[in-house]
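I have placed the structure first, in the form of structure tokens, so that the comments after it can refer back to it.
The structure presented is a predicted model; accordingly, all values stated were derived computationally and were not measured.
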Amino acid sequence: MNRDRSHRLTAVLLIVFALLLPLCTACQSRQEKARKAVEAQLQSQGITARDMTVDFFHPGQSTPDKAYIAVTVTYNFATAEGNFQKEYLGYILKQNGQSWTVENGAAYTKDQARAEAILGGGK
């Protein structure tokens, strides 16, 4: 009887995982498209980055056609200490069909409430 309960629990967990996986993939896809928009923005400014990491991505709750993204950009040149120069940047993105475009630069944050405030026009 205990073994039967264990199999049921395993089956339920597999079903829950199978239902949640597409949601995670969709969010990841949106984040990857947002990342590409930021890369395109940097390239249009003549900036070549050694690496770019997405630190935070927040689709707007009150403005569903907008999103906030925070990235760390590592450049090819070094600081006085010999480390590669890093910059922490934030952007407001606007949805353009299935992709994103950079609307404005913004303050860097990893806080969801602050990102939502930035999307609403706050600082």
With E103 as reference, evaluate Q41, Q95, K66 under the side-chain hydrogen bond (donor to acceptor under 3.5 Å, both in side chains) test and give the passing residue.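 Option passing the side-chain hydrogen bond (donor to acceptor under 3.5 Å, both in side chains) with E103: K66.
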Qualifying residue, where the test is side-chain hydrogen bond (donor to acceptor under 3.5 Å, both in side chains) with K94 and the options are N104, T101, D65: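 With K94 as partner, side-chain hydrogen bond (donor to acceptor under 3.5 Å, both in side chains) holds for just one option, D65.
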Trace of the side chain to side chain contact (heavy atoms under 4.5 Å, CB included) decision for L89 with L42: CA-CA 11 Å; L89 304 171; L42 292 173; 4.3 Å; yes
Between atom [atom1] of [X] and atom [atom2] of [Y], what is the distance when rounded to the nearest 0.5 Å?
X: I118; Y: H58; atom1: CD1; atom2: NE2; answer: 10.0 Å
X: D55; Y: T109; atom1: CG; atom2: OG1; answer: 10.5 Å
X: K33; Y: L93; atom1: NZ; atom2: CG; answer: 13.0 Å
X: F84; Y: T74; atom1: CZ; atom2: OG1; answer: 9.0 Å
X: I69; Y: I92; atom1: CD1; atom2: CD1; answer: 12.5 Å

If you count every heavy atom of other residues, nucleotides or ligands that lies below 6.0 Å from Q45 atom CD, does the total exceed 12?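 Counting neighbours around CD of Q45, more than 12 heavy atoms of other residues, nucleotides or ligands fall under 6.0 Å, so yes.
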Exercise: identify the closest heavy-atom pair between [X] and [Y]:
X: V71; Y: Y108; answer: O-CE1, 3.7 Å
X: W100; Y: A34; answer: CD1-N, 3.5 Å
X: Y75; Y: T48; answer: CD2-O, 4.1 Å
X: R114; Y: D111; answer: N-OD2, 2.8 Å
X: P59; Y: A67; answer: CA-CB, 3.8 Å

N96 side chain to S99 backbone, donor-acceptor under 3.5 Å: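 The answer is no, because no donor-acceptor pair under 3.5 Å joins these two groups.
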Using 30° and 60° as the class boundaries, would you call the ring planes of F56 and Y68 parallel, tilted or perpendicular?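 Aromatic pair F56/Y68 classed tilted.
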Would you mind telling me which of R50, M52, Q85 makes a side-chain contact (heavy atoms from CB on, under 4.5 Å) with V73?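 Exactly one option meets the side-chain contact (heavy atoms from CB on, under 4.5 Å) with V73, and it is M52.
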Any side-chain donor near an acceptor of the partner, S62 and E116, under 3.5 Å: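 A donor-acceptor contact under 3.5 Å links the two side chains.
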